[in-house]
Amino acid sequence: MRIVLLGPPGAGKGTQAQTLKQIFGIPHISTGDLLRQAVKEETNLGNQARAYMDKGELVPDELVTAMVAERLQRSDCASGFLLDGFSRTIAQADALAEELAHSGKKLDGVVSIMVPRADLVERLSGRRVCRECGAMYHERFDPPKRAGVCDKCQGVLYQRSDDNAETVSARLAVYERATAPLLSYYRDRALLYEIDGRGTPEEVCQRITATLKTAQAAHRS
Ligand code: AP5
Ligand code: MG
Ligand code: ZN
């Protein structure tokens, strides 16, 4: 399965990807995670991306597209992938389609996770991430057993630097302006599956899995 997870900041793309990658046996590729890693390692890409990310703006298409093209060429993507946070602009969507077409492939589906704005802000403001293993928590909805400490590895939990109120509202505005137009882009190509992202992560996961399995069966028949 070659899947794109689409959705505003805080919709639960990363949370859902953790389970979906196991169910479908495909690698989870988060452009946000790859960029944060590049920033941390102070690579050339990371140094260019940092200022955009700090402001909640998109990193230029050509930088992100090149990063993804390289990642998709790795052998673990041979039988599919779960892209999280890419594509995010029409230019990126065109570039992805072109990249796949080179090897005679195409996307199987685009899952759009829909959550009301007030819930997004609440989810983002309470998010905590483990510095060691990347596990995700939420202060209210999914708190760790000990405040500030990861249940899985005892690592320290931190708040993402772009999860402050000002940057969150910039990210939400960028989503509306640059990414929301992808909904009709993918709808027009009969690839879009719109999923209600409210409820528990388990409920949302069941909706996505049922939808993708139906789509998978339809493709095979
Ligand atoms: P990125 O890391 O992709 O951030 P984002 O799109 O803003 O999305 P988030 O990771 O914030 O949210 P999520 O949907 O993954 O939610 P999560 O599962 O964590 O991008 C960061 C930056 O990198 C961008 O601003 C940009 O600068 C750059 N970038 C990345 N990709 C790019 C691209 N393609 N082009 C250009 N620039 C790019 O959940 C959030 C919280 O809610 C968690 O605490 C979680 O526990 C909780 N939660 C999850 N599900 C539920 C639920 N069902 N109920 C209650 N709580 C829930
Ligand atoms: Mg994420
Ligand atoms: Zn951890």
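Just follow the structure's listing: the first ligand is 1, and inside any ligand the first atom is 1.
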remark   = What one should report as the nearest heavy-atom pair of L5 and K13 is CD1-O, 3.4 Å
key: Note: R74-D76 ion pair, threshold 4.0 Å (strictly below)   = no
key: Sorted by chain and number, the residues that approach ligand 1 to under 4.0 Å with a heavy atom   = P8, P9, G10, A11, G12, K13, G14, T15, T31, G32, L35, R36, M53, E57, L58, V59, V64, G85, F86, R88, Q92, R123, L124, R127, M136, Y137, H138, F141, R160, D162, R171, G199, T200, P201
remark   = Exactly one of L72, D84, L82 clears side-chain contact (heavy atoms from CB on, under 4.5 Å) with I29, and that residue is L72
query = Under a 4.0 Å N-O cut-off, is there an ion pair linking E132 with K152?
reply = no
message = Quick check: closest heavy atoms across R198 and V115, and the distance to 0.1 Å?
response = N-CG2, 4.5 Å
ask   = Should D163 and R171 count as an ion pair when the cut-off is N to O under 4.0 Å?
value = yes
request  = Nearest 10° is fine: what angle sits at the Zn ion (ligand 3) between SG from C153 and SG from C133?
outcome  = 120°
